[in-house]
Amino acid sequence: MASNVLGPQSLQLLLSILLPRGCRLSVVSDNTYRINCPDYEIAHIVWENRMNCIYPLLSPGEVLEVVASDYYARSYPKPS
C-alpha cells in the first residue's frame, strides 16, 4: 500500500471526526463504504458535502453510500 492511500481503519478514524453526530461509517465490501445517518436531513447534508469532505479521502475505484431510514444515495466508483 502506498503511503498516500488510506486503509479502512484510517478512513474510519478520519471520518469519525468529519461526520455529524450520529453518523457511522462501515465497510460494505473491499471498495464500498457506507455512512449510516440518523435521519433524512443529516444524510442529505452528508451527501451534498461528500465532494469536499469525503471523496478526496477515497482511493480510485472506491464507492460511497449514504443511508438513513428514508434516504439512499450511492456514488459511482471514484475515477483514477
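Being a predicted model, the structure only gives us computed values, none of them experimental.
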| field | Verdict with reasoning, Tyr33 to Val28, per side-chain contact (heavy atoms from CB on, under 4.5 Å) | value | CA-CA 6 Å; Tyr33 295 94; Val28 178; over 6 Å; no
| field | Closest heavy-atom pair and its distance - Pro56, Lys78 | value | O-NZ, 3.7 Å
| remark: Smallest heavy-atom separation, Tyr71 atom then Ala43 atom, equals CD2-CB, 3.6 Å
| What are the two closest heavy atoms between Cys23 and Pro38, and how far apart are they? | SG-CD, 4.0 Å
| request: Treating Ile, Leu, Val, Met, Phe, Trp and Tyr as nodes and any side-chain heavy-atom pair under 4.5 angstrom as an edge, say whether Tyr40 and Val46 lie in one connected cluster. | output: yes
| field | From CD1 (Ile54) to CG (Leu14), nearest 0.5 Å | value | 11.5 Å
| Do the non-hydrogen side-chain atoms of Leu64 and Ile35 ever get within less than 4.5 Å of each other? | yes
| said: Using side-chain contact (heavy atoms from CB on, under 4.5 Å), reason through Leu15 and Leu18 one step at a time and then give a plain yes or no. | reply: CA-CA 5 Å; Leu15 287 180; Leu18 293 174; 3.9 Å; yes
| task | Tell me whether Tyr76 is reachable from Val67 by hopping between hydrophobic residues (I, L, V, M, F, W, Y) whose side-chain heavy atoms are closer than 4.5 Å. | result | no
| task | Apply side-chain contact (heavy atoms from CB on, under 4.5 Å) to Arg74 and list each qualifying residue two or more places apart in sequence or on a separate chain. | result | Thr32, Val63, Glu65, Tyr72
| Closest heavy-atom contact between Gly61 and Asn31? | O-ND2, 3.4 Å
| request: Determine, using the 4.5 Å side-chain heavy-atom cutoff (strictly less than), whether Leu58 and Val27 are members of one ILVMFWY cluster. | output: yes
| said: Around atom CD of Glu41, are there more than 12 heavy atoms from other residues, nucleotides or ligands closer than 6.0 Å? | reply: no
| query | Among the clusters formed by ILVMFWY side chains lying less than 4.5 Å apart, do Ile45 and Tyr55 turn up in the same one? | reply | no
| request: Would you name the heavy atoms of Val66 and Trp47 that are closest together and state the gap between them? | output: CG2-CE3, 3.6 Å
| field | CG/Asp30: more than 12 non-hydrogen atoms of other groups inside 6.0 Å | value | no
